[in-house]
> 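First, the structure itself, so that you have it in front of you.
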Amino acid sequence: MKKILIFIVPIIFLLYSCNEELITVVDEYNSPYDIKAIASNNAIYIDFWSGIIASDFAGFNIYAGTSSSFVQPDSAIKNASQTYPTITGSNHARTNFIIQVPNMTFNNGTLYYVSVTAYGTNNLVDKKYIETPISTVCPVIPRPEGTGTGTTLSANGQTFGNIDITGGKVTANSGWGVQYFGYQTNFNSIVNITNNTDASFDTEAVYAVNGLYVFKSGNQLAKIWITSANGYRWAYQADASQWWGI
């Protein structure tokens with residue numbers, strides 16, 4: 001006699017009861033990071049990294065003024081159409097941006113503060129826009145810059161050092177000290193001087209074409225980038241005590 005095995009498989013019905021709702025999904029923006037201020041001659045640049053994948057990302061708001069307190073977005077610099085963002089763009093890749101601060105007049109020797117945020121318009125949120133919070137405010141003082149020739153190092157009427165090509169060294173004049181920052185391909189690779197005590201500066205440094213040097217005397221700073229055997233680029237800060245930048 002054959003036996004028949006019967007398997008009983010339970011069937012489970014899952015019943016869900018839900019209310020119909022409109023769900024709003026808003027992509028978050030990552031704040032710009034590694035923000036730096038770069039001084040120039042009656043001008044300021046802002047250097048930062050950003051990479052935002054949100055489709056409604058519209059660009060960056062730039063903030064600048066003689067006070068470090070900003071109100072978002074009212075304190076942001078408006079674009080040529082008198083709207084936001086200050087700089088339009090939709091680059092979603094992780095990118096290093098270096099942008100000259102537009103639509104403002106800057107004076108050499110005056111202390112300013114700058115910052116940057118990511119900005120976009122979105123009708124699904126109450127404010128109709130999305131903006132990252134201000135995370136970093138950078139001080140910066142514009143200063144004169146120019147070029148020079150020869151072995152005597154001068155900037156803005158100040159003579160502070162000499163080049164000895166035969167001896168392979170750069171020397172600081174009496175009352176000045178020098179720091180060597182190595183071979184560089186960018187004049188603004190050094191913006192702030194973290195070791196700004198007198199003890200951090202020497203009387204001489206090794207000579208190198210494309211070498212970058214900072215000289216100090218009291219609160220004065222001079223930056224020299226040797227661009228050839230007979231030429232250099234300079235910047236001069238008469239009083240760097242408020243931010244130790246050049």
> Test your reading of the model: is there a side-chain donor-acceptor pair from Asn79 to the backbone of Thr86, 3.5 Å cut-off?
no

> Could you pull out the closest heavy-atom pair between His92 and Ala54, with the gap in Å?
CE1-O, 3.2 Å

> Does Ser241 use its side chain to pair, donor to acceptor, with the backbone of Asp239 at less than 3.5 Å?
no

> If only atom types and distance count, is the side chain of Lys216 paired as donor or acceptor with the main-chain N or O of Gly218 below 3.5 Å?
yes

> Could you pull out the closest heavy-atom pair between Gly211 and Trp225, with the gap in Å?
O-CD1, 3.4 Å

> Of all the heavy-atom pairs spanning Ile52 and Ala118, show the shortest one and how long it is.
CD1-CB, 3.1 Å

> Return the minimal non-hydrogen interatomic distance between Phe201 and Phe215, and the atom names on each side.
CE2-C, 4.2 Å

> Identify which one of Asp164, Ile226, Thr151, Val206 satisfies the side chain to side chain contact (heavy atoms under 4.5 Å, CB included) criterion when paired with Val170.
Ile226

> Would you tell me whether Ser200 and Asn196 have side-chain atoms, one donor and one acceptor, within less than 3.5 Å of each other?
no

> Quick check: is Trp244 connected to Tyr45 through a chain of hydrophobic side chains (ILVMFWY, heavy atoms under 4.5 Å apart)?
no

> Considering only heavy atoms from C-beta outward, does the side chain of Gln237 approach that of Ile141 to under 4.5 Å?
yes

> Just do the side-chain contact (heavy atoms from CB on, under 4.5 Å) check on Ile46 and Phe97 with the steps written out, would you?
CA-CA 8 Å; Ile46 189 161; Phe97 295 88; over 6 Å; no

> Evaluate the criterion side-chain contact (heavy atoms from CB on, under 4.5 Å) for residue pair Asn173 and Asn162; output intermediate values, then yes/no.
CA-CA 7 Å; Asn173 287 350; Asn162 293 277; 3.0 Å; yes

> Does any part of the side chain of Val178, heavy atoms only, come nearer than 4.5 Å to the side chain of Phe160, both counted from C-beta?
no

> Side chains of Asn195 and Gln179 only: does a donor on one sit below 3.5 Å from an acceptor on the other?
no

> Mind checking whether Tyr29 and Asp56 have side chains closer than 4.5 Å, heavy atoms only?
yes

> Determine whether Ile134 and Gln72 satisfy the following criterion, side-chain contact (heavy atoms from CB on, under 4.5 Å), listing intermediate values before the conclusion.
CA-CA 8 Å; Ile134 293 175; Gln72 295 181 256; 3.6 Å; yes

> Indicate, with yes or no, if Val209 and Tyr232 share a hydrophobic cluster defined by side-chain heavy-atom contacts under 4.5 Å among Ile, Leu, Val, Met, Phe, Trp and Tyr.
yes

> Can you say whether the rings of Phe48 and Phe60 are parallel (under 30°), tilted (30 to 60°) or perpendicular (over 60°)?
perpendicular

> Could you check if a side-chain atom of Cys138 sits within less than 4.5 angstrom of a side-chain atom of Lys36, using non-hydrogen atoms only?
no

> Quick one: are Phe187 and Thr227 in side-chain contact, heavy atoms under 4.5 Å?
no

> Is the shortest side-chain heavy-atom distance between Pro102 and Ile87 below 4.5 Å?
yes

> Show the nearest heavy-atom pair for residues Ile163 and Gly150, with the distance to one decimal.
CD1-O, 4.2 Å

> Under the ring pair (Phe, Tyr, Trp, His ring centres under 6.0 Å) rule, collect the residues that match up with Trp243, sequence neighbours excluded.
none

> Quick check: is Phe70 connected to Leu111 through a chain of hydrophobic side chains (ILVMFWY, heavy atoms under 4.5 Å apart)?
yes

> Hey, any chance Ile98 and Val114 share a hydrophobic cluster, counting ILVMFWY side chains that come within less than 4.5 Å of each other, even indirectly?
yes

> Ignoring hydrogens and geometry, is there a side-chain-to-backbone donor-acceptor pair from Lys169 to Glu204 under 3.5 Å?
no

> Going by atom types only, do Ser154 and Thr159 share a side-chain donor-acceptor pair under 3.5 Å?
yes

> Between Phe106 and Tyr112, does the ring pair (Phe, Tyr, Trp, His ring centres under 6.0 Å) criterion hold? Intermediate values first, please.
CA-CA 8 Å; Phe106 296 103; Tyr112 297 92; 5.0 Å; yes

> Out of Tyr183, Phe181, Trp234, Tyr180, which residue meets the ring-ring contact (aromatic ring centres under 6.0 Å, His included) rule with Tyr213?
Tyr180

> Which heavy-atom pair separates Pro142 from Ala43 by the least distance, and what is that distance?
CB-O, 3.9 Å

> Do Ile38 and Val140 touch side chain to side chain, with heavy atoms closer than 4.5 Å?
no

> Please answer whether the main-chain N or O of Tyr84 pairs with a side-chain N or O of Tyr119 as donor and acceptor at a distance below 3.5 Å.
no

> If you define the side chain from C-beta out and look only at heavy atoms, does anything of Asn188 sit under 4.5 Å from Asp47?
no

